[in-house]
Peer 1: 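After the structure tokens below, expect a handful of questions from me.
Note: hydrogens, waters and symmetry copies are ignored here, and every other heavy atom, side chains too, is used.
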Amino acid sequence: MIFNLFKSKAQKREEIADDLYRQIVAAARQPEFYLSYAVEDSVTGRFEMIVLHAYVFFYRMKSETAENRELSQAVFGRFFQDMDDSLREQGVGDLSVPKKIKKMAQSFYGHAEAYDKARDQGVEALAIALSRNIYGEESKPCPEAAGLARYILDCDEKLKLQSMEDFSKGELNFPEIGPFQAY
């Protein structure tokens, strides 16, 4: 307890970023995505769901002040540190890790750009972007993607209700996703 008095502001921000990132991962690992929403239960499928939840958090943080966005940047750094650690645990060689991280970063930014453009056009456009990125469907949205699009909008609403003070305490609450139902 007394050692907390000696932590720097940057150390505290890193601890909070770690807490927030763990909650992003926990939300992305909800079994319903893989059981009911047909997200592939693989390294790629789990990566896509982490990207999706991280994107939602970063989208929310865009509206914050520059100082508050430092926390967002720390979460982003934690995200890519986790990707680096995961690759090394899988046995990827030291020389290959930076190349794979670069591809992951390009994928993240590509997904974020697609989701940003799509959400401005509505739920159906977001479902198409999700179909392409998560399900590999190029032409039309699959029914599960439409459900995910509605879930993303629910996430937006729930995160809007959370204050920067909540985030600064390491508190991040995503909605639980229920079983898939076609509409």
Side-chain angles (χ1 to χ4, degrees), residues 20-62 72 75-93 95-159 172-183:
L20 293 171
Y21 179 70
R22 275 191 294 228
Q23 292 168 68
I24 288 169
V25 171
R29 288 187 176 162
Q30 292 179 76
E32 217 49 59
F33 290 120
Y34 309 98
L35 298 172
S36 185
Y37 283 77
V39 174
E40 185 180 315
D41 190 8
S42 65
V43 171
T44 301
R46 290 186 296 272
F47 172 75
E48 291 295 343
M49 295 313 296
I50 292 171
V51 165
L52 186 61
H53 285 83
Y55 164 76
V56 172
F57 172 71
F58 297 136
Y59 186 85
R60 163 60 178 85
M61 294 298 287
K62 281 182 184 180
S72 179
V75 173
F76 188 78
R78 179 65 187 94
F79 168 51
F80 278 98
Q81 182 60 54
D82 183 45
M83 296 301 112
D84 184 285
D85 294 345
S86 295
L87 288 170
R88 292 176 193 281
E89 286 174 16
Q90 293 172 22
V92 175
L95 296 176
S96 297
V97 169
K99 293 174 192 168
K100 290 191 179 285
I101 292 292
K102 182 177 179 180
K103 280 186 177 182
M104 288 175 160
Q106 290 170 335
S107 177
F108 176 84
Y109 285 121
H111 285 36
E113 183 178 349
Y115 298 152
D116 278 348
K117 286 180 184 176
R119 69 190 311 143
D120 291 341
Q121 298 170 16
V123 175
E124 188 172 334
L126 184 56
I128 291 170
L130 291 165
S131 283
R132 188 175 44 251
N133 291 328
I134 294 176
Y135 299 100
E137 295 287 330
E138 292 295 325
S139 57
K140 59 183 169 102
C142 60
E144 294 87 358
L148 278 181
R150 285 187 290 280
Y151 170 76
I152 294 307
L153 299 178
D154 289 347
C155 287
D156 284 346
E157 291 305 312
K158 188 155 187 176
L159 293 183
L172 176 60
N173 298 301
F174 286 96
E176 288 187 24
I177 189 161
F180 173 72
Q181 295 177 14
Y183 290 89

Peer 1: Measuring from atom CG of L20 to atom CG of L172, what distance do you get when rounded to the nearest 0.5 angstrom?
Peer 2: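 Going from CG on L20 over to CG on L172, the span is 5.5 Å.
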Peer 1: Considering only heavy atoms from C-beta outward, does the side chain of E48 approach that of V39 to under 4.5 Å?
Peer 2: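 Side chain of E48 against side chain of V39, heavy atoms only: no contact under 4.5 Å found.
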Peer 1: Is atom CZ of R29 surrounded by more than 12 heavy atoms (other residues, nucleotides or ligands) closer than 6.0 Å?
Peer 2: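 No - once you tally the heavy atoms of other residues, nucleotides and ligands closer than 6.0 Å, there are 12 at most.
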Peer 1: For Q81, is the CD atom crowded, meaning more than 12 foreign heavy atoms sit under 6.0 Å from it?
Peer 2: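 More than 12 heavy atoms, drawn from other residues, nucleotides or ligands, come within 6.0 Å of this atom.
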Peer 1: Under 4.5 Å between any side-chain heavy atoms of H53 and F33, yes or no?
Peer 2: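 Yes, side chains in contact.
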Peer 1: Minimum heavy-atom separation for F108 to A54, with atom names?
Peer 2: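 Scanning both residues completely, I find the closest heavy atoms to be CE1-CB, 4.3 Å.
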Peer 1: Between the side chains of D116 and Y55, is a donor N or O closer than 3.5 angstrom to an acceptor N or O?
Peer 2: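 Distance-only check passes for D116 and Y55.
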Peer 1: Where is the tightest heavy-atom contact between A145 and A127, given as atom of each residue plus distance?
Peer 2: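 Shortest heavy-atom contact: CB-O, 3.4 Å.
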Peer 1: Is the backbone N or O of F58 less than 3.5 Å from a side-chain atom of S72, with the two atoms forming a donor-acceptor pair by type?
Peer 2: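 Such a contact is absent between S72 side chain and F58 backbone.
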Peer 1: Whether R150 and D154 form a salt bridge (side-chain N of Lys/Arg under 4.0 Å from carboxylate O of Asp/Glu) is what I want to check.
Peer 2: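 No, D154 and R150 are not salt-bridged.
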Peer 1: So does A38 get a backbone contact from the side chain of E144, meaning a donor-acceptor N/O pair under 3.5 Å?
Peer 2: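 Not a single qualifying donor-acceptor pair exists.
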Peer 1: Determine whether S107 and F47 satisfy the following criterion, side-chain contact (heavy atoms from CB on, under 4.5 Å), listing intermediate values before the conclusion.
Peer 2: CA-CA 10 Å; S107 177; F47 172 75; 4.0 Å; yes
Peer 1: Classify the angle between the aromatic ring planes of F79 and Y21 as parallel (below 30°), tilted (30 to 60°) or perpendicular (above 60°).
Peer 2: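 Correct class here is tilted.
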Peer 1: Between Y34 and D41, which heavy-atom pair has the shortest distance, and what is it?
Peer 2: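 Looking at all heavy atoms of both residues, the shortest contact is CD2-CA, 3.9 Å.
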Peer 1: For K103, does the NZ atom sit with more than 12 other heavy atoms under 6.0 Å from it, leaving out its own atoms?
Peer 2: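 Counting other residues, nucleotides and ligands, NZ of K103 stays at 12 neighbours or fewer.
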Peer 1: Indicate yes or no: at least one non-hydrogen side-chain atom of M104 is less than 4.5 angstrom from one of L87.
Peer 2: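 Counting from C-beta outward, M104 and L87 do come under 4.5 Å.
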Peer 1: Mind checking whether L148 and Y135 have side chains closer than 4.5 Å, heavy atoms only?
Peer 2: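 Heavy-atom side-chain distance check passes, below 4.5 Å.
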Peer 1: Return yes if some donor-acceptor pair links the side-chain N/O of Q30 with the main-chain N/O of I177 below 3.5 Å, else return no.
Peer 2: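 Indeed, once roles are kept as given, a pair shorter than 3.5 Å links the two residues.
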Peer 1: Indicate yes or no for a side-chain donor-acceptor contact from Y151 to the backbone of P175 under 3.5 Å, with no hydrogens or angles considered.
Peer 2: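 Such a contact is found between Y151 side chain and P175 backbone.
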Peer 1: Provide the closest heavy-atom pair for M49 versus I134 in the form atom of the first, atom of the second, distance.
Peer 2: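 Where M49 meets I134 most closely, the heavy atoms are SD-CD1, 4.2 Å.
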Peer 1: Check whether any side-chain heavy atom of L159 sits under 4.5 Å from a side-chain heavy atom of F174, and report yes or no.
Peer 2: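 Contact flag for L159/F174 side chains = yes.
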Peer 1: Does K158, at its NZ atom, have more than 12 non-hydrogen atoms belonging to other residues, nucleotides or ligands within less than 6.0 Å?
Peer 2: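 Yes, enclosed.
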Peer 1: Specify whether Y115 and H111 have parallel, tilted or perpendicular ring planes, treating 30° as the upper limit for parallel and 60° as the lower limit for perpendicular.
Peer 2: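 Y115 and H111: perpendicular rings.
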Peer 1: Does Q90 CD have over 12 foreign heavy atoms under 6.0 Å away?
Peer 2: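 Count over threshold, so yes.
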Peer 1: Can you measure from CZ (R22) to CZ (R78) and round to the nearest 0.5 angstrom?
Peer 2: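 One finds 7.5 Å between CZ of R22 and CZ of R78.
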Peer 1: Heavy atoms only: give me the nearest I24-V75 pair and the separation to one decimal.
Peer 2: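 Distance-wise, the nearest heavy atoms are CD1-CG1, 3.9 Å.
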Peer 1: On a heavy-atom basis, which atom in N133 and which in A114 lie closest, and how many Å separate them?
Peer 2: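 In terms of heavy atoms, the two residues are closest at ND2-CB, 4.1 Å.
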